[in-house]
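What follows is one structure encoded as structure tokens, with my remarks underneath.
Sequence lines set the chain letters: A, B, ... in the order given, protein chains first and strands last, and positions in each chain run from 1.
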Amino acid sequence: MKTDFSKPYDPKLVEPEIYQQWLDSGYFNPDNLKIKSLKIKNYIVYMPLPNVTGTLHMGHALNNTLQDIIVRYHRMRGYRTLWLPGTDHAGIATQYKVEKELRKKDTSRFELGREKFVEHVWRWKEEYGGIILDQLKKLGVSADWSRLRFTMDEAYAKDVLAAFVHYYDKGWIYRGLRTVNWCPRCGTSLSELELEHREDQGTLWYLKYPLADGSGSIVVATTRPETMLGDTAVAVNPKDKRYAKLVGKTVKLPLTGREIPIVEDLKIDPSFGTGAVKVTPAHDILDFEIGQRHNLETIQVIDDRGKMNENAGEYAGLKTEEARAAVAAKLQDGGFLENKEPYAHNVAVCYRCGHVIEPIPSTQWFLKMETLAKNAVKAAKSGKVKIRPENFEKTYFDWLLNIRDWTISRQLWWGHQLPVWFCKNQTEISNSQFPISNKNLKLKIKNSSAEDFVVSVKKPAACPICKNCDMVQSVDVLDTWFSSALWPFAGLSASDRKKYYPGNAVITARDIINPWITRMIFSGIEFMGKVPFSDVFINGTILTKDGRRMSKSLGTGVDPLKYIEQYGADATRFAVVWQATGQDIHWDEAAVAAGRKFCNKIWNAARFVLQNEPSSAALAKGGNAKPQTTADKEILGKLAKIKKETEKSIEQFEFAKALQNLYDFFWHDFCDVYLEESKKQLANKDTEETTKAILTATIGESLILLHPFMPFVTEAIHQNLKSAGDEFLMITAW
RNA sequence: GGGCAGUUAGUUCAAUGGUAGAACGUCUGUUUUACACACAGAAGGUUGUAGGUCCGAUUCCUACACUGCCCACCA
């Protein structure tokens, strides 16, 4: 495309057309690159999957710009370069969003039923799920769109289910009744990584539990008196001398009269409260673990909607907050309330909807993490994968070395249904999420070993258990991260896996080191036998100028598309990279304006050179660009130096440094100094031709160096240089 | 509670064991035939606080304060 070099540079006139040309060229697909030799190395970057619910925010803009830089750089260096894009079905986020929409239309997923609801989400995904991809294209992202994958594509889903079967066959997946973090609004279990914590002004209540033998009482502290209805023990620390003589005795639980034991447990902190804790295995995860150790009963008094159930007697049907007040009042009347004081503490809330988490018992599926975590640790310790900046290795190791088994089931409708098939005759209750919710008053928790189900990707033709039922699939779906953990290979076709696995780099934000990076690493090792990539780079977090988090709900976000519209994609890319020097970026819009000015500077410098191109392309190619003057020598020396520096910086993921050095070179060394000097040299017959050749060679080389950072303006200029030939700058040899 | 990072010009950030740099902003001048989204020049900083090591610290060490994030979750 020959561009009209009217001034100044107008990104709107060139960006859409250039991007279309790149798409049409097919060069985003490594199979179409003109690779000279089979020995040429691959360079593969796995894109962090944007959610189908997502729209582009500054974090995406930064993250994808950095990836695009390293991808474009390697493509120009001649690598067989693949940037693999995809979208994530984002179970809870998407379901939440679609449900919210349904609510506006005065209906709900329950009214639609599962099948219709899932169809509805698919239609929603077809309509809106690609928005973010179009936005990425505006940014200039050079991913191979022909390989785009969605985590619920048929082929991808097959790999997800096969992974489940694989783990099950290894004996690493088990099913158990556990007290888990439950969001009453979303109606699903949540993993620890899906919780957020919010400070809550509550009350610390001191409850007096009388000893059954009438010899006194023991006082426990709690923020949730209503759960006392489900207490099945009082626990103290074995080292706590104050209570030593009480251990083994029983107390008579107020209001209910139930007798419950006093037990010892090391997890109790003697210095907090009274040092004695009420134990409610059904409604507290730590208490559940204590219950397991002491073989305590689990009595559920709160249901999956966050209301008191029939085990709560007269309080049944009340919301927990209502029950809290009622129970506290009753305790006070009965003389069981020793004291109360205001108390600020953290409550866990759902990361998605913000509702307070209610720990409740339910049947969930778990993946044993011991070996997987060990493998992931080994991969980083041995240097097979390198995490940069290095201090993030600590985040990685800390989590893996203190790993708990992974709750992989979610009670959602949108996602990969577990490849688990239940015998209809054997048990109906097994397939229910709440085997204990309504009926059972008391129950000892045991991990069921009863084989009333079969694990298989496909539905078994005949039930191997009762021999004559039509088996039903588990209603649970898998944690979204279970599927995205497989991205480096499940995102590739079978033949691509041979060619393009393992890859090289992942660039992402620090908050998904644990949910995603660690899991991709152990999944890659487990299923492909190789660490999926050698480099992890953690990019900074963009905050507002005054250091607050950017968020839609706070109204503190800024829209990268607005910048692209107003200043151009290159200017936007310039701004995010320019500022990406540390862990946190205090976003300054002024940098975008600076980026636009730089585009214009490049544009105008090119105009000057174009007016002074050597008469023939051959000359311009630099054959006779031998320096004659000091200025000539200096600029060529600086050019060679900046080239080396840029290579080094990019390869070390020091993008801001690379860009700032390039900026300095181009603006000050080239434009301010050489270009000005060249005006004199052009006026002199003796130096005219050499100067033209050096100008052309320098601008040509500068465009190459700048291209990964500012691809549009450089490509547009390149196509107007006589010396450039017909090939795209995008694939011009570095 | 534990950890990580940061605190330098008006603002956003660099840099260095030996008198601190850029971008943007500000001020002065310039329509010099690539660019006023420009050019030439200028002002602007006892480098968070308090100690310590050193001939010398903004840089290394210690403590403290503040900010952001991550992890844990004490009932």
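Taking the six-membered ring where tryptophan is involved, the planes of A:Phe522 and A:Trp406 are perpendicular, since the angle between them exceeds 60° and thus also 30°. Below 30°, between 30° and 60°, or above 60°: for A:Phe665 and A:Phe670 the angle between ring planes is below 30°, a parallel geometry. Ring geometry for A:Tyr343 against A:His345 counts as parallel: the plane angle stays under 30°, on a 0 to 90° scale with 60° as the upper cut.
Look at A:Lys601 and you'll find a side-chain N or O under 4.0 angstrom from OP1 or OP2 of B:rC39. Applying the 4.0 Å criterion to OP1 and OP2 of B:rC73, one finds that A:Arg404 has a side-chain N or O inside that range. Close to B:rC13, at under 4.0 Å from its OP1 or OP2, lies a side-chain N or O of A:His586. Residue A:Lys267 places none of its side-chain N or O atoms closer than 4.0 Å to OP1 or OP2 of B:rC73. When the side-chain nitrogen and oxygen atoms of A:Trp667 are compared with OP1 and OP2 of B:rC39, one or more of them lie within a distance under 4.0 Å. Put simply, A:Thr581 has no side-chain N or O that comes within less than 4.0 Å of OP1 or OP2 on B:rC13. Between A:Lys679 and B:rU33, a side-chain N or O to OP1/OP2 separation shorter than 4.0 Å is absent.
For A:Asn391, whose side chain is taken as the heavy atoms from C-beta onward, the closest listed nucleotide among B:rA75, B:rA5, B:rA34 is B:rA5.
At a threshold of 4.0 angstrom between heavy atoms, the contacts of A:Glu676 include nucleobase atoms, whether or not backbone atoms are also involved. Contacts of A:His668 with the nucleic acid, taken as non-hydrogen atoms under 4.0 Å apart, involve only primed sugar atoms and P, OP1 or OP2. When heavy atoms are screened at a 4.0 angstrom cut-off, A:Tyr343 is found touching the sugar-phosphate backbone but no base atom. Within 4.0 Å of A:Ile285, counting heavy atoms only, lies no atom of the nucleic acid at all. Within 4.0 Å (heavy atoms only), A:Arg548 reaches no atom of the nucleic acid at all. Residue-level contact check: A:His197 touches the bases, meaning some heavy atom is under 4.0 Å from a base atom. Heavy atoms of A:Asp672 sit under 4.0 angstrom from primed sugar atoms or phosphate atoms, though from no base atom. Using a 4.0 Å heavy-atom criterion, one finds that A:Cys599 contacts no nucleic acid atom at all.
Annotation: B:rA43 and B:rA9 have their C1' atoms spaced 11 Å apart (nearest Å). Spacing of C1' atoms, B:rG10 relative to B:rG68, comes out at 23 Å, to the nearest Å. For B:rA23 and B:rC64, the C1' atoms lie 33 Å apart once the distance is rounded to whole Å. Remark: the separation of the P atoms in B:rU32 and B:rC27 is 23 Å, to the nearest Å.
Look at A:Lys267 and A:Asp265 and you find no salt bridge, because none of the NZ, NE, NH1 or NH2 atoms lies under 4.0 Å from a carboxylate O. Salt bridge status for A:Lys386 with A:Glu390: present, with a side-chain N to carboxylate O gap under 4.0 Å. For A:Glu358 and A:Arg224, the salt-bridge test passes: some basic side-chain N is under 4.0 Å from an acidic carboxylate O. Salt-bridge annotation for A:Glu676 and A:Lys679: present, with a side-chain N of the basic residue lying under 4.0 Å from a carboxylate O of the acidic one. Under the 4.0 Å criterion applied to side-chain N and carboxylate O atoms, A:Arg404 and A:Glu289 are assigned as salt-bridge partners.
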Next on the checklist: Reading 5' to 3' and counting Watson-Crick or G-U wobble pairs with both distances under 3.5 Å, write the dot-bracket notation for RNA chain B, | for bases paired outside the strand.
Outcome noted: (((((((..((((....[..)))).(((((.......))))).....(((((..]....))))))))))))....
